[in-house]
There are 2 protein chains.
Amino acid sequence: MRVTVDIVLFTIRERRLHLLLIRRLAEPFAGCFALPGGFVLPDESVDAAAARELREEAGVESVYLEQLYTFGEPGRDPRGRIITVAYYAMVPQTQSLQAGTDAADAAWFPVDALPPLAFDHLAIVQYAHTRIRNKLGYTNVGFELLPAKFTLSELQVVHEAILGEPLDKRNFRRRVQLQGIVKPTKEFQATGRKPAQLFRFKD
Amino acid sequence: MRVTVDIVLFTIRERRLHLLLIRRLAEPFAGCFALPGGFVLPDESVDAAAARELREEAGVESVYLEQLYTFGEPGRDPRGRIITVAYYAMVPQTQSLQAGTDAADAAWFPVDALPPLAFDHLAIVQYAHTRIRNKLGYTNVGFELLPAKFTLSELQVVHEAILGEPLDKRNFRRRVQLQGIVKPTKEFQATGRKPAQLFRFKD
DNA sequence: ACAAAAGTGTTCCATATACACCCATGT
DNA sequence: ACATGGGTGTATATGGAACACTTTTGT
């Protein structure tokens, strides 16, 4: 019985939630897009395998990574009995990506406009999207999609992209500030028109 | 690489949350208590393996079963590289248990008074307990611990056992009734003093 | 009559929602 | 001057928390 990891790597581009897909070169599903992932090595923890595959296939290092669910139906991979442990991860818009990618063809797709996916990867993606939508309500998820310092408008864009719906600016700002999950810096971002105050996460 | 399942089987006894443990006969950890579980067979889904182990080791059939987390540290089992997919399950107090147990010695323990556990099973138990405590707030978890018809006091005992703290009777009853997750039957339970109305779950 | 569990309302506080205008800056 | 995104307050609705007594039955 073999064990793989598959990672749903999220980011925000042009105010929409995107994820990284890799075009498969080999059968099965050659030419089809799939999640980055691969086999767990004999002396490596499952978490470490996910981090390594992210490094090798997506060229990203030390990102937020969380286990999602294990998919273990016997027929899910035509090559034989392969169980996969799914993860999701997040990178800020700024991080340069796909550098170091050893897969032929990696690309970002909006979560609401995905190409056909190999294996049961569509189910994994939907599971991941549901998870982060739910976690947004009661955790700090979403911060990993931003650089260390960010404006409240940028944070709002992240939340709107994950939820897929617009939020009220005043209510949003009051909530994040009252919950005490961000703290203001003394810096301002002078890009655009009126400079916006920069914040960082607590803890 | 081998894959096992381990199941945290909860029930309520004497108003406290308990779980089923099995005394190991073989090394490693011979004589120690462990969660019911075992290897996933080659043509069996991981979910099916968990259901089968519950049947074989705990003698329970068709119970609520949900995947929890996959534990995959290389050193977690001294016999070699074994990854385990952890599940939790729930049975009502009424269900007769341990009938059909093929393990030598199965016993219920209160979650707050556990014996030393084999492998990383203590971490699995704590993860399961945290999960059901959180799910209590936003789902119908806890209903699986009761028979089809139950009184609101019995439901409150279940919630108190999982949360580990007493709840206000009036607030509890109002909440479950307003949320529309239970519906009253016309029957009453005549055990004890004043007969209590029986409810059942919606859906 | 008494013991035991069932059943029942109100007040208060915190949090979510709906909603519109002025401000600072770059062009 | 104007276009752009930054920033701010109030009123209302909703959900949670605290809190004590009466009712029904069996013994």
Side-chain angles (χ1 to χ4, degrees), chain A residues 12-16 93 133-142 146-147 149-200, chain B residues 12-16 93 133-142 146-147 149-200:
Chain A
I12 306 282
R13 312 182 95 202
E14 292 147 10
R15 309 171 77 93
R16 289 168 81 192
Q93 304 112 301
R133 243 190 277 117
N134 292 335
K135 286 202 88 164
L136 208 52
Y138 59 93
T139 65
N140 295 355
V141 164
L146 291 171
K149 295 174 191 167
F150 53 89
T151 69
L152 294 184
S153 293
E154 288 169 339
L155 182 58
Q156 184 174 347
V157 166
V158 167
H159 281 239
E160 288 174 337
I162 292 175
L163 295 173
E165 63 185 15
L167 298 172
D168 180 84
K169 182 162 47 158
R170 283 167 295 185
N171 293 338
F172 178 79
R173 295 165 97 91
R174 189 186 26 242
R175 184 156 46 83
V176 298
Q177 297 200 72
L178 282 184
Q179 282 175 352
I181 53 188
V182 296
K183 62 180 179 205
T185 70
K186 295 203 170 76
E187 297 171 69
F188 285 78
Q189 189 178 74
T191 169
R193 309 303 180 183
K194 177 171 175 178
Q197 188 166 19
L198 289 168
F199 289 74
R200 57 170 80 243
Chain B
I12 306 283
R13 311 181 96 200
E14 291 146 11
R15 309 171 76 93
R16 289 167 81 191
Q93 303 112 302
R133 243 190 275 117
N134 292 336
K135 286 202 86 163
L136 209 52
Y138 58 93
T139 66
N140 294 355
V141 165
L146 290 171
K149 296 173 189 168
F150 52 88
T151 69
L152 293 185
S153 293
E154 288 170 339
L155 182 59
Q156 183 175 347
V157 165
V158 167
H159 281 239
E160 288 174 337
I162 292 174
L163 294 173
E165 64 186 13
L167 298 172
D168 179 85
K169 183 159 49 154
R170 283 168 295 185
N171 292 340
F172 178 78
R173 296 165 97 92
R174 180 156 24 108
R175 184 158 47 83
V176 297
Q177 298 199 70
L178 281 184
Q179 282 175 352
I181 54 188
V182 297
K183 64 179 178 203
T185 69
K186 294 202 169 77
E187 296 170 70
F188 285 78
Q189 188 178 74
T191 168
R193 310 301 183 185
K194 178 171 175 179
Q197 188 166 20
L198 289 168
F199 289 74
R200 59 170 80 242

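Convention: sequence-line order gives letters A, B, ...; per-chain numbering from 1.
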Check: Between C/dA14 atom P and A/L178 atom CG, what is the distance in whole Å?
Finding: 12 Å
Margin query: Can you measure A/Q189 atom CD to D/dT4 atom P for me and round it to whole angstrom units?
Written below: 18 Å
Note to self: In whole Å, I'd like the distance from the CD atom of B/E154 to the P atom of C/dA4.
What the structure shows: 19 Å
Item checked: Spacing between B/F188 atom CZ and D/dT24 atom P, to the nearest angstrom -> 11 Å
Checklist line | Members of residues 163-175 of chain A that approach DNA chain C, where some heavy atom sits under 4.0 Å away | finding: A/D168, A/R170, A/N171, A/R174
Margin query: Heavy-atom nearest nucleotide on DNA chain C for B/R193 versus B/F199: which residue maps closer to 5'?
Written below: B/R193
Next item on the list: Taking all heavy atoms of B/A161 and all of B/R15, pick out the closest pair and write down the distance.
Entry: CB-O, 3.7 Å
Next item on the list: Evaluate side chain to side chain contact (heavy atoms under 4.5 Å, CB included) for A/R13 paired with A/Q93, printing each intermediate quantity in order.
Entry: CA-CA 7 Å; A/R13 312 182 95 202; A/Q93 304 112 301; over 6 Å; no
Next item on the list: Taking all non-hydrogen atoms of both residues into account, name the closest pair between A/R170 and A/D168 and its distance.
Entry: N-OD2, 3.1 Å
Item checked: Gap between atoms CD and C1', on A/Q197 and C/dT25 respectively (whole Å) -> 16 Å
Next item on the list: Mind listing the closest non-hydrogen atom pair of A/F188 and A/K186 along with its distance?
Entry: CD1-O, 3.7 Å
Margin query: Taking any heavy-atom pair under 4.0 Å as a contact, classify A/T151: base, sugar-phosphate, or nothing.
Written below: nothing
Check: Around A/E14, counting heavy atoms of other residues, nucleotides and ligands shown, do more than 12 lie under 6.0 Å from its CD?
Finding: no
Check: Tell me: NZ of A/K194 to C1' of D/dG6, nearest whole Å?
Finding: 4 Å
Note to self: At less than 4.0 Å, is any side-chain N or O atom of A/S153 found next to OP1 or OP2 of D/dG5? Yes or no.
What the structure shows: no
Note to self: Just to verify, which of A/Q197, A/K149, A/R200 counts as forming a side chain to side chain donor-acceptor pair (under 3.5 Å) with A/E187?
What the structure shows: A/K149
